[in-house]
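What follows is a set of notes on a single structure, which appears directly below.
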Amino acid sequence: MKARIYRSTVAIVLASLLVFSLILSAGLYFVFARSFQAQLHSELSLLSAAMNRSPEPDEVFSLWAEQSGSFRLTLIAPDGTVLADTGADAAQMENHAARSEIASALETGFGASHRQSATLDEMTFYLAQRLDDGRVLRLAGAQRSVFSVLAGALLCLAVAVPPTLLASSALSGHTTRSILRPIDALNLDRPADNEIYDEFTPLLLRLSAQNRRIESQMQELERRQREFVAITENMSEGLVILNARGEILMMNRSARSIFRAGEADYTGQYMLSLHRSTELMDVIRSAESGEASSELMRMGGRVLQLIASPVVENGETQGILLLIPDVTERVEAERNRREFSANVSHELKTPLTSILGYAELMQSVLVPPEDTARFAGQIHDAAQRLLQLVEDIIHLSRLDEAAPVEIESVDLARLAQSVCERLQPRAEAAGLTFRTDLTPATVQGSAQMIDELLTNLIDNAIKYNRPNGDVTVAVAPTAVGARLSVRDTGIGIAPEHREKIFERFYRVDKSHSRAIGGTGLGLSIVKHIAAFHHAPISLQSEPGVGTEIAVEFAEG
């Protein structure tokens with residue numbers, strides 16, 4: 001801007017000089033022309049008067065011709081013949097009767113004309129005066145043209161330009177600095193507080209209003225950005241925003257954890273450089289082509305769902321939103337559901353097959369009458385097993401639905417003693433010894449559900465024990481509630497089975513389980529009841545030595 005103002009100022013000075021020279025040249029030309037014509041008239045009047053009064057007019061002509069200077073004097077006869085001329089040989093000159101100034105002088109006594117000389121670039125003025133004896137005296141003078149005057153002025157201008165240019169340059173620099181100094185000192189953050197030229201007031205007022213709007217918009221954008229960051233950073237799902245080329249624009253905390261990105265800044269890097277997998281490549285490529293897609297990806301023992309959605313504007317993909325929820329539980333639940341359905345079908349089919357087999361044998365004539373009672377007993381046992389299985393499945397379904405249950409204070413030691421007394425005959429029939437270590441402790445919960453939990457744990461301890469073994473039931477207060485444990489001296493559980501024994505229908509030894517009539521749902525029911533009471537379950541077991549299962553209840 002400074003250079004522009006400086007150049008403009010210098011150009012204005014030079015243009016002003018040129019225009020001034022043109023105007024001055026034209027003015028001088030017209031002034032000189034009028035002065036020249038007046039002088040020419042005066043000289044001709046004096047000469048004419050002198051020749052009219054002189055007894056020897058030709059002597060006057062000859063005398064003036066010797067000192068005529070720049071004027072040319074011509075004497076012409078009434079018939080147009082040139083009698084004498086101060087600038088040429090009269091004998092060689094043509095007849096001047098046709099010249100306009102001569103013709104006018106012969107007719108009216110005075111004539112004037114002017115003609116431009118193309119070769120000399122001069123304007124020649126002719127004045128003719130008729131003398132008393134009829135002859136015509138003509139006076140001619142050449143005046144320089146306006147272009148000649150202008151050329152002289154331009155020569156003067158060329159001499160004057162360098163010092164003028166230097167002076168204007170210095171003045172322009174000073175003027176430019178003076179003009180821009182207040183502008184350079186403007187405080188654009190607070191335009192209304194500036195003291196500057198009055199012409200800038202409307203602009204500064206608009207800037208001040210615009211600054212207020214921008215500040216308000218920036219505050220709103222910052223608020224929205226904080227909200228966006230707060231929402232995305234607290235999402236359990238991973239969220240990655242990519243541009244149309246697949247470069248990372250934003251990645252939330254969950255996504256960083258999924259891809260083990262830490263706190264490094266991956267903005268501007270390609271997503272596939274952070275993690276390369278076929279599923280991730282497929283969803284990103286689909287989104288880049290404008291199509292939403294979803295894939296499952298296994299990573300670090302988890303199952304992640306990759307959901308890529310394109311951001312499309314005017315028919316072109318401008319970006320990609322990549323949402324990554326952890327669906328491990330959902331996939332596991334679906335797997336468990338399929339396994340549960342398969343197991344239920346299998347478990348229901350086994351007793352039903354026995355019932356149908358024995359019923360068909362009894363229906364035929366091949367069964368001796370003495371075997372009928374035995375077959376009927378087998379049918380009864382299979383039906384009992386089937387009924388128990390159905391009841392356990394229904395009970396598990398109710399536990400899954402979390403139906404309302406009455407919560408009360410439960411004396412855990414008394415309840416454990418009651419269950420032990422109820423199952424004592426079964427233990428004795430199996431050749432087992434019951435041992436109890438019951439210290440009074442009260443917990444909050446459902447007495448019916450805790451009774452069922454105890455029954456299943458003690459029933460398992462009896463079923464999977466060895467002959468002449470022990471079953472020990474203990475209740476002891478803890479700092480936060482009470483600990484219930486059931487320990488046996490049975491077959492134990494191998495380490496690879498310990499995490500799965502609480503799954504539905506899972507059996508460590510399927511042949512042994514079927515022989516003793518288990519449904520495979522007892523520990524699943526125990527797990528649900530413990531979860532309902534927010535009571536952690538712990539398991540200690542050693543194959544061939546025995547197993548202890550403990551449940552920690554909160555204080556009542």
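Treat the numbers as computed from the prediction; the structure is a model and nothing was measured.
- Using a 4.5 Å heavy-atom cutoff, the side chains of I248 and L242 are in contact.
- In terms of heavy-atom proximity, A287 sits nearest to A308 at CB-CB, 4.0 Å.
- Residues that satisfy the side-chain contact (heavy atoms from CB on, under 4.5 Å) test with A244, not counting sequence neighbours, are absent from this structure.
- Between I529 atom CD1 and S524 atom OG the span is 11.0 Å, to the nearest 0.5 Å.
- Atom-to-atom distance recorded for S48:OG and R135:CZ is 11.5 Å, nearest 0.5 angstrom.
- Applying the salt bridge (charged side-chain N to carboxylate O under 4.0 Å, His left out) definition to pairs two or more places apart or across chains, those involving residues 294-317 are R302-D326.
- Among pairs with a residue in residues 278-289, none fulfils side chain to side chain donor-acceptor pair (under 3.5 Å), at least two apart in sequence or across chains.
- Exactly one residue among E227, E220, E222 makes a side chain to side chain donor-acceptor pair (under 3.5 Å) with R224. That residue is E220.
- Closest approach of I102 to H96, counting heavy atoms only: CB-O, 3.3 Å.
- Closest heavy-atom contact between V283 and S293: CA-OG, 3.2 Å.
- Interatomic distance, CG of L239 versus CD1 of I307, reported as 11.0 Å (0.5 Å rounding).
- Using a 4.5 Å heavy-atom threshold, the side chains of L304 and L296 count as separate.
- Summarising the local packing, CD of E107 is surrounded by 12 or fewer heavy atoms from other residues, nucleotides or ligands at distances under 6.0 Å.
- Annotation for Q318: atom CD counts as buried by contact number, over 12 foreign heavy atoms lying within 6.0 Å.
- A pairwise comparison of heavy atoms in S294 and Q305 identifies OG-NE2, 3.0 Å as the closest pair.
- Contact check for H275 versus M297: side-chain heavy atoms found under the 4.5 Å cut-off.
- The closest side-chain donor-acceptor pair between S254 and E237, if any, does not fall under 3.5 angstrom.
- Residues L106 and I76 have side chains not in contact (no heavy-atom distance under 4.5 Å, counting atoms from C-beta outward).
- We find the CG-CG distance between N95 and D79 to be 6.0 Å, quoted to the nearest 0.5 Å.
- Here the side chain of E552 pairs no donor or acceptor atom with the backbone of I537 at under 3.5 angstrom.
- Here H534 pairs with nothing under the ring pair (Phe, Tyr, Trp, His ring centres under 6.0 Å) rule; sequence neighbours left out.
- Contact between E247 and Y270 at its shortest, heavy atoms only, is OE2-OH, 3.5 Å.
- Crowding of R223 atom CZ: a count of heavy atoms from other residues, nucleotides or ligands under 6.0 Å exceeding 12.
- Between the CG atom in L139 and the CD atom in Q39 there is a gap of 9.5 Å [rounded to 0.5 Å].
- The nearest pair of heavy atoms linking M299 to R260 is CE-NH1, 3.8 Å.
- Residues T108 and R130 fail the side-chain proximity criterion, which asks for heavy atoms closer than 4.5 Å.
- I241 is not listed as a side-chain neighbour of V311, based on a closest heavy-atom distance of 4.5 Å or more.
- Residue pairs meeting the salt bridge (charged side-chain N to carboxylate O under 4.0 Å, His left out) criterion with at least one member in residues 85-101, sequence neighbours excluded: R72-D85, E94-R99, E101-R115, E101-R138.
- Between the side chain of S45 and the backbone N or O of H41 there is at least one donor-acceptor pair closer than 3.5 Å.
- Qualifying side-chain contact (heavy atoms from CB on, under 4.5 Å) partners for A103, counting only residues two or more places apart in sequence or in other chains: none.
- Judged by distance alone, with hydrogens and angles left aside, the side-chain atoms of T86 form a donor-acceptor pair with the main-chain N or O of L73 at under 3.5 Å.
- A donor-acceptor pair is defined here as one N or O able to donate and one able to accept, closer than 3.5 Å; no such pair exists between the side chain of N243 and the backbone of L249.
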Full working for side chain to side chain contact (heavy atoms under 4.5 Å, CB included) between V82 and Q92
CA-CA 9 Å; V82 178; Q92 301 296 325; over 6 Å; no
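- Taken from CG in L127 to CG in L137, the straight-line distance is 10.5 Å, to the nearest 0.5 Å.
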